[in-house]
Number of protein chains: 2
Amino acid sequence: MTHLSITEENYLKSILKLSDHNQTKIGTNEIANEINISAASVSDMLRKLADKKLITYQKYYGVKLTKTGEHYAKNLVRKHRLWEVFLTQKLQFSWDEVHDLAEQLEHVKGDDMINRLEKFLGNPKFDPHGDPIPDTMGNIAIRKQQLLIELKKGDKAVIIGVKDTATTFLQFLDSIKISLGTKFTVIGVVIYDHSMQLKLQDGRELMLSQQVCSNIFVSS
Amino acid sequence: MTHLSITEENYLKSILKLSDHNQTKIGTNEIANEINISAASVSDMLRKLADKKLITYQKYYGVKLTKTGEHYAKNLVRKHRLWEVFLTQKLQFSWDEVHDLAEQLEHVKGDDMINRLEKFLGNPKFDPHGDPIPDTMGNIAIRKQQLLIELKKGDKAVIIGVKDTATTFLQFLDSIKISLGTKFTVIGVVIYDHSMQLKLQDGRELMLSQQVCSNIFVSS
DNA sequence: GACTTAATTTAGTCTTGCCTAAAAAATATA
DNA sequence: TATATTTTTTAGGCAAGACTAAATTAAGTC
Ligand SMILES: [Mn+2]
Ligand SMILES: [Mn+2]
Ligand SMILES: [Mn+2]
Ligand SMILES: [Mn+2]
């Protein structure tokens, strides 16, 4: 495999992210928006990535990762998430602090290092935000999960991930002592604004807004 | 402190390395040779580094790090060596495999991360090659050490570092089961070529060439 | 001290990755 | 279908960091 620049890696990662659960082709503007770069620059880079057979690109009609491109992108996600686990599990960072550091660490070359890191961490399957860690082949564990917002009164579930990983959101969850693994029962749903009232395993009762509930993944 | 590019960091690191135990100014060619870049390119960069007050630079008369430049350079060395300890102690890499990975890891920004890493590693004072790890202030522990080649027949000592860290040299030492901490007595010095005969603590006897003995640091 | 050689800097280019402004193509609207 | 709007691409530039070739300065030699 050829050596990719950090920039190229980041483009592939963005395209993968935008493709998630979405087969259709990705537009230039979407990518530009995702990585905060002008559409003109993205257009330039797409041509280069297509030349390298990392994406299929038809002018004016969007892009899609090739198998090769997808492989690189998933490997990058794998590295990102393993480093996030390292930072939280070994260096005691909290889940809202690790993303930016992982953005840098993911570009360090050395698959052997990453495989050793994975083993050192005890072969984790999910990162600190509940996102699955691809294996060396790019395979990703599928979990049956749904958004908290989709639950009904009386449903019991456990929190297994967050959709939004913004610092403010994660810190808010910390402040109300909610984390991955927290078990609860839905004891009410407000019709007016779709806030949800939960009863946690530890006995506490909590009211969460629709926006919050739309960004928490649960498993029943 | 301003943000330095990886390139700038590497120039500072090279200048520090070349300055080691050597107060005189460093020449353009020396740097060019150290980082495998043309002298013309080095000349360009020196002007830029001088503009940023990271080095003092007088055209045609060489360069020297400023206090600021030295601080950056030592911090880089600190990061490099801590990552090398991580790779050997936690990921089980051997001492001949870690340098290139550390060359990448040292450029990851985040002093907090490095301080946590240091603590996680148990505040090591030396890296896997016996080189001292600067503290956050850039202070470096001084050890009384000398080269093996300087010893005389009958001297007892312990190996505490290597001067050459080339893969082939380190693998050679592995192959003859010599590592940091190995204790020995000099039982003979060949007059003809200055090879040295050692008796190790485990009873083995070894003959080492002058070149090998010139690249091993010992403490008595 | 003049001449030769070595070290260093300058001049002119190249590539990567970004930008803005303008042109072109696709899509939406009437 | 013609026009307006949005999206995307092209054109032209810029900065960083590299190169080679040429010019300049310093250092060494007779
Ligand atoms: Mn992340
Ligand atoms: Mn994550
Ligand atoms: Mn090293
Ligand atoms: Mn080292």
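Just so we're on the same page: letters track the sequence lines, and every chain starts at 1.
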Could you tell me which residues satisfy side chain to side chain contact (heavy atoms under 4.5 Å, CB included) with A:Arg116, sequence neighbours excluded, listed by chain and number? A:Asp112, B:Leu91, B:Gln92, B:Phe93, B:Glu97
Start and end of chain A contact along DNA chain D [non-hydrogen atoms, under 4.0 Å]: D:dT7 to D:dT10
Presence of B:Tyr57 side-chain N/O under 4.0 Å of C:dT9 phosphate oxygens OP1/OP2: yes
Under the ring pair (Phe, Tyr, Trp, His ring centres under 6.0 Å) rule, what pairs show up with a residue in residues 36-71 of chain A, not counting sequence neighbours? none
Mind checking what makes side chain to side chain contact (heavy atoms under 4.5 Å, CB included) contact with B:Lys90, not counting sequence neighbours? A:Phe120, B:Phe86, B:Phe120, B:Leu121
Can you name the side chain to side chain donor-acceptor pair (under 3.5 Å) partners of A:Asp155, sequence neighbours left out? none
Which residues in residues 25-33 of chain B have at least one heavy atom lying under 4.0 Å from any atom of DNA chain C? B:Gly27, B:Thr28, B:Asn29
Applying side chain to side chain donor-acceptor pair (under 3.5 Å), can you list everything that pairs with B:Lys119, at least two apart in sequence or on another chain? none
Verify whether one side chain among A:His80 and A:Glu106 offers a donor that lies under 3.5 Å from an acceptor in the other. yes
Taking side chain to side chain contact (heavy atoms under 4.5 Å, CB included) as the definition, give me every residue that meets it alongside A:Ile176, ordered by chain and number, with sequence neighbours left out. A:Phe172, A:Leu173, A:Ile178, A:Leu206, A:Leu208
Which residues share a side chain to side chain donor-acceptor pair (under 3.5 Å) with B:Asp135, sequence neighbours left out: B:Asn139
If you find the nucleotide of DNA chain C closest to B:Leu46 and the one closest to A:Tyr60, which residue's nucleotide is nearer the 5' end? B:Leu46
Could you check if a side-chain atom of A:Thr165 sits within less than 4.5 angstrom of a side-chain atom of A:Glu84, using non-hydrogen atoms only? no
Distance, rounded to the nearest Å, where A:Lys59 contributes NZ and C:dA25 contributes P: 9 Å
More than 12 heavy atoms of other residues, nucleotides or ligands under 6.0 Å from CD of B:Gln211: is that the case? no
So, with a heavy-atom separation below 4.0 Å from DNA chain D, the residues of residues 69-77 of chain B are none
I need the single residue from B:Lys13, B:Lys48, B:Lys52 that forms a salt bridge (charged side-chain N to carboxylate O under 4.0 Å, His left out) with B:Glu8. Which is it? B:Lys52
Report the residues that fulfil salt bridge (charged side-chain N to carboxylate O under 4.0 Å, His left out) with A:Asp164, sequence neighbours left out, ordered by chain and then residue number. none
Scan nucleotides 11-18 of chain C against the protein and return all N/O pairs shorter than 3.5 Å with their distances rounded to 0.1 Å.
residue, atom, partner, partner atom, Å
C:dG17, OP1, A:Ser5, OG, 2.6
C:dC18, N4, A:Asp44, OD2, 3.4

Do B:Gln104 side-chain atoms and A:Lys109 backbone N/O form a donor-acceptor pair below 3.5 Å? yes
